[in-house]
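Proteins get letters first, then strands, A, B, ... in listed order; numbering begins at 1 in each.
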Protein chains: 2
Amino acid sequence: MLKLSKKTDYALMAVQYMSEKGADRVVNTKEIAEEYNIPGELLAKVLQKLGKKGLIVSQNGPKGGYLLAKSPADISVLSVIQAIEGHVGITECYHNEDSTCMQMPRCNIRTPLRNIQNSIYGLLDSMSIAEMKEFGSATIVPQSRLYGHRT
Amino acid sequence: MLKLSKKTDYALMAVQYMSEKGADRVVNTKEIAEEYNIPGELLAKVLQKLGKKGLIVSQNGPKGGYLLAKSPADISVLSVIQAIEGHVGITECYHNEDSTCMQMPRCNIRTPLRNIQNSIYGLLDSMSIAEMKEFGSATIVPQSRLYGHRT
DNA sequence: ATGGTCTCCGATAGAAATAGTCGGCGACTG
DNA sequence: CAGTCGCCGACTATTTCTATCGGAGACCAT
Ligand code: FES
Ligand code: FES
């Protein structure tokens with residue numbers, strides 16, 4: 001729990017991959033799928049979603065494929081995650097209207113959890129794909145990434 | 001995704017509740033279940049798990065129930081979460097042996113994600129139940145909670 | 001000691017989210 | 001105009017989560 005779905009993993013891998021290949025190189029689904037042993041059809045759906053969210057740009061026809069829509073430094077990890085998972089809530093009932101949560105009236109963890117959630121968002125949002133790559137080699141995670149959740 | 005399970009919610013509520021009631025007051029399952037509209041049997045299991053992990057102490061017999069094992073300031077939010085969810089990994093394959101992950105050989109997001117995960121752990125670990133309660137009223141989340149994951 | 005209250009535990013059923021598949025359509029290149 | 005590749009929706013299978021049940025054991029009060 002507190003776990004990213006496989007689809008999200010795939011999305012991050014794909015974006016990383018594209019960022020490694022450079023801005024001009026069009027990569028297609030099959031290429032990525034084979035590189036990482038991902039079921040092709042599933043990855044296809046993931047990439048389509050990323051495309052719809054404007055994170056990557058598609059190019060049809062033979063020799064077609066995908067391209068990052070912006071510089072890796074301008075793509076936040078959070079945006080990728082949200083593109084795939086949609087609404088992300090650390091708990092079922094982040095302050096939301098149509099929540100059928102039975103414990104709302106007396107809930108004593110709503111606001112605290114929401115704060116924690118915002119902190120996590122802040123961290124994820126402040127980290128770009130480009131940075132993530134660096135952290136792959138380094139073992140250090142930057143400080144002061146907590147407060148200040150943008151979206 | 002990135003979501004706490006209901007059981008964990010219940011666990012946090014219950015611990016919060018006990019912390020509110022004070023150290024000497026024995027509370028039983030039914031009491032908490034009614035307070036928050038939680039299915040009793042399920043909550044029972046949750047509390048049993050917390051007991052097994054040594055976070056709370058059980059007391060059998062009539063007038064029995066549960067008690068916090070330590071001061072609310074010494075119980076980290078992370079410990080409660082882990083008690084219920086067991087191993088918590090932001091991704092399937094946090095550096096782990098028996099992972100059957102097909103993309104390991106080439107995975108480009110393992111280490112970065114692991115760092116992010118550690119950051120989140122650090123935040124969760126550094127926050128105690130007592131603190132969480134305060135953050136319920138305040139809307140601010142403390143800075144510099146990132147690096148420095150204990151466990 | 002006995003009955004009622006409460007924790008403890010394993011098994012199980014039902015519901016929901018995830019992972020992965022399939023088939024057809026449309027766009028583009030050569 | 002044929003092959004390649006993205007686009008899309010429906011579908012199935014698998015796993016995880018939620019909740020329930022039934023019975024055993026501990027304890028206190030009377
Ligand atoms: S769990 Fe739903 S409001 Fe707190
Ligand atoms: S997703 Fe399994 S190793 Fe990266």
Asks: Salt bridge check, B:Glu31 against B:Arg25: does any charged N sit closer than 4.0 Å to a carboxylate O?
Replies: yes

Asks: Quick one: on DNA chain C, does A:Pro39 or A:Gln59 contact a more 5' nucleotide (nearest heavy atom)?
Replies: A:Pro39

Asks: Can you find a donor-acceptor pair, distance only, under 3.5 Å between B:Lys45 side chain and C:dG10 base?
Replies: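 Answer is yes: a donor-acceptor pair is held.
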
Asks: Is the shortest side-chain N/O distance from B:Tyr10 to OP1 or OP2 of D:dT18 below 4.0 Å?
Replies: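 So the side-chain polar atoms of B:Tyr10 never come under 4.0 Å of the phosphate oxygens OP1 or OP2 of D:dT18.
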
Asks: Counting side-chain heavy atoms from C-beta on, which of D:dC5, C:dC22, C:dC9 comes nearest to B:Gln48?
Replies: C:dC9

Asks: Report the nucleotide, chosen from C:dC8, C:dC9, C:dT29, that has the shortest atom-to-atom distance to any side-chain atom of B:Lys52.
Replies: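 So the nucleotide nearest the side chain must be C:dC9.
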
Asks: In whole Å, what is the span from the NZ atom of A:Lys7 to the C1' atom of C:dG20?
Replies: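 Value for this atom pair: 9 Å.
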
Asks: Are B:Gln117 and B:Thr91 linked by a side-chain donor-acceptor pair shorter than 3.5 Å?
Replies: no

Asks: In this structure, how many angstroms lie between the P atom of C:dC9 and the CG atom of B:Leu47, rounded?
Replies: 13 Å

Asks: Respond yes when some side-chain nitrogen or oxygen of A:Thr29 is under 4.0 Å from OP1 or OP2 of D:dG6, and no when none is.
Replies: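 The answer is yes; a side-chain N or O of A:Thr29 sits under 4.0 Å from OP1 or OP2.
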
Asks: Categorize A:Gly65 for me: base, sugar-phosphate, or nothing, with a 4.0 angstrom heavy-atom threshold over every strand shown.
Replies: sugar-phosphate

Asks: Would A:Ile38 and A:Asp9 count as a side-chain contact (heavy atoms from CB on, under 4.5 Å) if you check the C-alpha gap in whole Å, the side-chain angles of each, and the deciding distance to 0.1 Å?
Replies: CA-CA 10 Å; A:Ile38 303 174; A:Asp9 282 3; over 6 Å; no

Asks: Can you tell me if A:Ser5 touches the phosphate of C:dA19, counting only side-chain N or O atoms and a distance under 4.0 Å to OP1 or OP2?
Replies: yes

Asks: Spell out, as yes or no, whether a donor-acceptor pair under 3.5 Å connects the side chain of B:Gln16 to the backbone of B:Ile129.
Replies: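 Yes, B:Gln16 side chain to B:Ile129 backbone: donor-acceptor pair under 3.5 Å.
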
Asks: Where do A:Leu67 and A:Ile56 land on the side-chain contact (heavy atoms from CB on, under 4.5 Å) test, with the steps shown first?
Replies: CA-CA 5 Å; A:Leu67 228 52; A:Ile56 60 181; over 6 Å; no

Asks: The side chain of A:Glu41 lies closest to which of these nucleotides: C:dG20, C:dC8, C:dT21?
Replies: C:dT21

Asks: Just the rounded figure in Å: distance from C1' of C:dT7 to NZ of B:Lys30.
Replies: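 Atom NZ in B:Lys30 sits about 14 Å away from atom C1' in C:dT7.
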
Asks: For A:Asn60 and A:Gly40, find the nucleotide of DNA chain C closest to each by heavy atoms; which residue's nucleotide sits nearer the 5' end?
Replies: A:Gly40

Asks: Rounded to whole Å, how long is the line connecting atom CG of A:Leu42 with atom P of D:dT14?
Replies: 16 Å

Asks: If you compare every side-chain N and O of A:Ser58 against the phosphate oxygens of D:dC7 (OP1, OP2), does one of them come in below 4.0 Å?
Replies: yes

